[in-house]
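FYI, side chains are in, hydrogens and waters are out, and symmetry mates aren't considered; it's all heavy atoms of this structure.
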Amino acid sequence: MGLIDEVHILNEPRRGAVLEVIVSRMRTVNAECLMNGNGNDQNRGKLRMLAISATAPNLVDIATWLKDVNGNVAEMRIFGEELRPVKLTKYIIPFSSRADSSDFQFEKALDYKLSDIIKKYSSGKPTLVFCSTRKSVEGAASQLAQESASCSIGFDNPYIRGHPQQMELQVLAQKVADKKLADIFKEYLVHGIGIHYGALSQTDRGIVESSFISGLILVICTTSTLSVGVNLPARLVIIKGTSQYRETGYAEYSNLHIMQMMGRAGRPQFDDTGVAVIMTTQEKQRKYEAMVSSGETIESSLHENLIEHLNAEIVLGTISNIELCIEWLKSTFLNVRIGKNPARYKDKREATATAKQSLDTICIKDLNLLAESQLITQYNEGMSFLPTDLARAMAKYYIKFETARAIIALPKGAGIKKLLECLAASAEFSDLKYRNDKTYLNVVNKSVRYPIPGRLKTVGDKVNLLIQCSLSSLKFTEQKLLSSLSLDTNVIMKHAERLSKCNANSIHAKAWDHNGHHLKQIESIGPVQAKALFDAGVKTIAELILKAPEEIEVVSMIDFLRKH
């Protein structure tokens, strides 16, 4: 039996498509075994699926997708809110935001609204405030602490009911283990407010959690570290803003994430009711009202990267001819939804594509694209096909089709400059943005090996430049941009290392060939030691292996003495 928990993640662009192809692969392989008569007679065709969701209004579509080998729609069991052990009341509170304000600025403005919401909905019971980042957590806690500081303990202070509690909180603040965070922690703890995020030590997390359970602290401002796993007695959950900072900028929380956070309110063993408040923009009010009332219609996201998944299935051997390809597509959730909402699944690659397309048409079109790009070889009059080595590399390193096609189109003997331009233009970097850093990067552009002609314009120009900065171990000098540029560089190099396994050794090594930093691809060797070894004649990994440990130590010591 296969258990598909949180089946509504089918809606999510990346994870949803992966879930869909895995389930469809299992069903296709199962059907093929039945057709070919493979396997033990007793167990053949016994593949069973159990799908669970707390928010999926179009259950019939999911049941149709998971139909058995005889075409029977899966059995459905619906459990309403009335069966929930603790009643959960949900509120969507919209706030206006200026057209020119960023997600960060909007979330910061919400800090000043928290106190009123806690007073109105918490009934003096424990509250969890979910924030998108560590900085947002500290901002929320700081604002709540400031507002409560002017209140009288034992009278109108919302978080400290009496002087004995205040004394306990002062003792608790002295137990903070992480000395770097001690001052921040104490500032909030003495006001009955805790913080919780990934950077905290296990000891400090334990202090916050146990104090919240005992009722010593009444509010925790936290990131999503508390949305799963830890069971805490929160009457009220506040989701402060519906966007979350990810690698390349802010993006909406997934429905699953929202549901998990709301689900922390009103835990059965602690309370008999719970309240969840979502703070969002006026523009997104209706979306979240629909989500919490009946759930958002579950759609397939497979069409957004269908050709990549099709290539992977061919490499895995699930699909080897057109007939199997069509059967595989028919086993997907995409097949169920494309007829009901055809406009959503229009091929964006073609301006003239009609809203309604058959799976056969999509199948033939994508197979032809794979063949034209030398990713599959066709035989048997084009009815059957095999993957090429390029297709295997594309699947192994999770490379997008457009990127793979661009790599394949590179002329033989292309130089490193051309490889960099190709890599920087990859679809994998399409979410990256300029963050008020273009002026500074135009200055940095003068210091790299292959300057971008003219001024930086595209995202690809930024990617190209930051890759070169990383390869040259070039340090950024603009302090206010240091954090964001370092973050962007890390994200870019993570993708670039993977992509470069197909076309560029220097990027995989994080250094130019022959510039003295090539050895820094070894985790324990930094750029300074790598340069020292290079200057001492140790230029390759093979040469390093031949050196005795004491010889390497001597090189490091000489370099240290030169500098001191």
Side-chain angles (χ1 to χ4, degrees), residues 2-28 30-31 47 49-78 252 254-259 286-288 290-313 318-319 322 324-350 353-367 401:
L3 173 62
I4 311 171
D5 193 13
E6 311 286 6
V7 71
H8 51 264
I9 71 168
L10 285 166
N11 248 358
E12 296 184 22
R14 292 184 177 87
R15 293 200 302 167
V18 172
L19 172 62
E20 188 171 342
V21 296
I22 289 173
V23 173
S24 295
R25 184 185 308 150
M26 292 169 68
R27 297 179 67 238
T28 301
N30 183 59
L47 177 66
M49 295 285 180
L50 176 62
I52 302 171
S53 173
T55 166
N58 51 325
L59 290 176
V60 174
D61 290 336
I62 296 171
T64 303
W65 174 46
L66 298 176
K67 62 188 176 184
D68 65 22
V69 290
N70 297 316
N72 299 314
V73 173
E75 182 181 347
M76 292 182 291
R77 298 285 179 88
I78 301 172
E252 287 286 290
S254 68
N255 287 0
L256 172 60
H257 212 151
I258 293 285
M259 296 301 289
R286 287 188 178 180
K287 171 186 173 180
Y288 288 101
M291 191 198 82
V292 301
S293 60
S294 59
E296 187 179 8
T297 298
I298 307 300
E299 297 282 2
S300 171
S301 56
L302 180 57
H303 66 296
E304 295 178 2
N305 43 27
L306 177 60
I307 196 165
E308 287 86 0
H309 286 292
L310 185 59
N311 177 73
E313 296 302 317
T318 311
I319 299 170
I322 289 178
L324 281 174
C325 182
I326 293 172
E327 284 303 312
W328 176 77
L329 278 170
K330 285 181 178 178
S331 73
T332 63
F333 188 58
L334 172 63
N335 179 46
V336 178
R337 290 300 305 166
I338 196 170
K340 296 187 176 183
N341 189 7
R344 172 184 167 86
Y345 301 102
K346 180 181 176 181
D347 192 340
K348 296 176 183 177
R349 296 171 298 188
E350 296 185 18
T354 58
K356 191 172 183 178
Q357 297 184 91
S358 70
L359 286 175
D360 295 27
T361 304
I362 295 171
C363 172
I364 299 300
K365 187 187 298 180
D366 282 354
L367 287 174
F401 170 70

Engineer: Below 4.5 Å, heavy atoms only, C-beta onward: do Phe401 and Asn311 meet side chain to side chain?
Structural biologist: no
Engineer: Find the distance between CG (Leu310) and CG (Asn305) and round it off to the nearest 0.5 Å.
Structural biologist: 11.5 Å
Engineer: How long is the gap from CZ on Arg27 to CD1 on Ile22, to the nearest 0.5 Å?
Structural biologist: 14.5 Å
Engineer: Can you find a heavy atom in the side chain of Met26 that is under 4.5 Å from one in the side chain of Leu47?
Structural biologist: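 SC-SC contact between Met26 and Leu47 confirmed.
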Engineer: When rounded to the nearest 0.5 angstrom, what distance separates CG in Leu324 from NZ in Lys330?
Structural biologist: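 So the gap between those two atoms works out to 12.0 Å.
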Engineer: Which heavy atom of Leu10 sits nearest a heavy atom of Ser301, and at what distance?
Structural biologist: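 Scanning both residues completely, I find the closest heavy atoms to be O-OG, 3.4 Å.
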Engineer: Does a side-chain N-to-carboxylate-O contact under 4.0 Å join Glu12 and Arg14?
Structural biologist: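 No, no charged N to carboxylate O under 4.0 Å.
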Engineer: Which residues satisfy the side chain to side chain contact (heavy atoms under 4.5 Å, CB included) test with Ile78, sequence neighbours excluded?
Structural biologist: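 With neighbours one apart ignored, the set is Leu59.
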Engineer: Do Val23 and Ile4 have side chains that get closer than 4.5 Å, going by heavy atoms?
Structural biologist: yes
Engineer: Counting N and O atoms only, with roles assigned by atom type, does the side chain of Tyr345 sit under 3.5 Å from a partner on the main chain of Ser300, one being a donor and the other an acceptor?
Structural biologist: yes
Engineer: Check whether any side-chain heavy atom of Val7 sits under 4.5 Å from a side-chain heavy atom of Ile298, and report yes or no.
Structural biologist: no
Engineer: Nearest 0.5 Å please: distance from the CD1 atom of Ile326 over to the CG atom of Asn335.
Structural biologist: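 If we round to the nearest 0.5 Å, Ile326:CD1 and Asn335:CG are 11.0 Å apart.
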Engineer: Nearest heavy-atom pair of Trp65 and Ser24: which atoms, and what distance?
Structural biologist: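 Here Trp65 and Ser24 meet closest at NE1-OG, 3.7 Å.
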Engineer: Taking all atoms of both residues into account, what is the closest heavy-atom pair of Ile258 and Met291, and its distance?
Structural biologist: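 Result for this residue pair: CG2-CE, 3.1 Å.
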Engineer: Is Phe333 close to Glu299 at the side-chain level, that is, under 4.5 Å between some pair of heavy atoms?
Structural biologist: no
Engineer: Determine, for Glu252 against Lys287, whether the closest basic-nitrogen to carboxylate-oxygen distance falls under 4.0 angstrom.
Structural biologist: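 Salt bridge present between Glu252 and Lys287.
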Engineer: Ignoring hydrogens and angles, tell me if any N or O in the side chain of Glu313 forms a donor-acceptor pair with the backbone of Ile319 under 3.5 Å.
Structural biologist: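 No, because the side chain of Glu313 does not come within donor-acceptor range (under 3.5 Å) of the backbone of Ile319.
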Engineer: Check ring-ring contact (aromatic ring centres under 6.0 Å, His included) between His309 and all other residues, then give those that pass, not counting sequence neighbours.
Structural biologist: none
Engineer: For Arg286, check salt bridge (Lys or Arg N to Asp or Glu O under 4.0 Å) against everything at least two apart and list the hits.
Structural biologist: none
Engineer: Go through the structure and list residues passing ring-ring contact (aromatic ring centres under 6.0 Å, His included) with Trp328, not counting sequence neighbours.
Structural biologist: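 Here no residue qualifies.
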Engineer: Taking atom types as modelled and ignoring hydrogens, do the side chains of Ser53 and Glu6 form a donor-acceptor contact shorter than 3.5 angstrom?
Structural biologist: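 No donor-acceptor contact under 3.5 Å links the two side chains.
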Engineer: Is there a side-chain contact between Lys346 and Arg344 in this structure, where contact means two heavy atoms from C-beta onward sitting under 4.5 Å apart?
Structural biologist: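 Lys346 does not reach Arg344 side chain to side chain.
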Engineer: What distance do His8 atom NE2 and Asn58 atom CG have between them, rounded to the nearest 0.5 Å?
Structural biologist: 12.0 Å
Engineer: Among all residues two or more places apart in sequence or in another chain, which pass the side-chain hydrogen bond (donor to acceptor under 3.5 Å, both in side chains) test with Asn72?
Structural biologist: Asp68
Engineer: Does any non-hydrogen side-chain atom of Thr332 lie less than 4.5 Å from one of Val21?
Structural biologist: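 Counting from C-beta outward, Val21 and Thr332 never come under 4.5 Å.
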Engineer: Show every salt bridge (charged side-chain N to carboxylate O under 4.0 Å, His left out) that has at least one partner inside residues 57-66, sequence neighbours left out.
Structural biologist: Asp61-Arg337, Asp61-Lys340
Engineer: Look up atom OG1 in Thr297 and atom CG in Asn11, then write down how far apart they are to the nearest 0.5 Å.
Structural biologist: 8.0 Å
Engineer: If you take all heavy atoms of Leu66 and Ala74, which pair is closest and at what distance?
Structural biologist: O-CB, 3.8 Å
Engineer: Determine the minimum heavy-atom distance between Cys363 and Leu329, stating which atoms define it.
Structural biologist: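 Looking at all heavy atoms of both residues, the closest pair is CB-CD1, 3.6 Å.
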Engineer: Got Cys325 and Leu367 here, is their nearest side-chain heavy-atom distance under 4.5 Å?
Structural biologist: yes
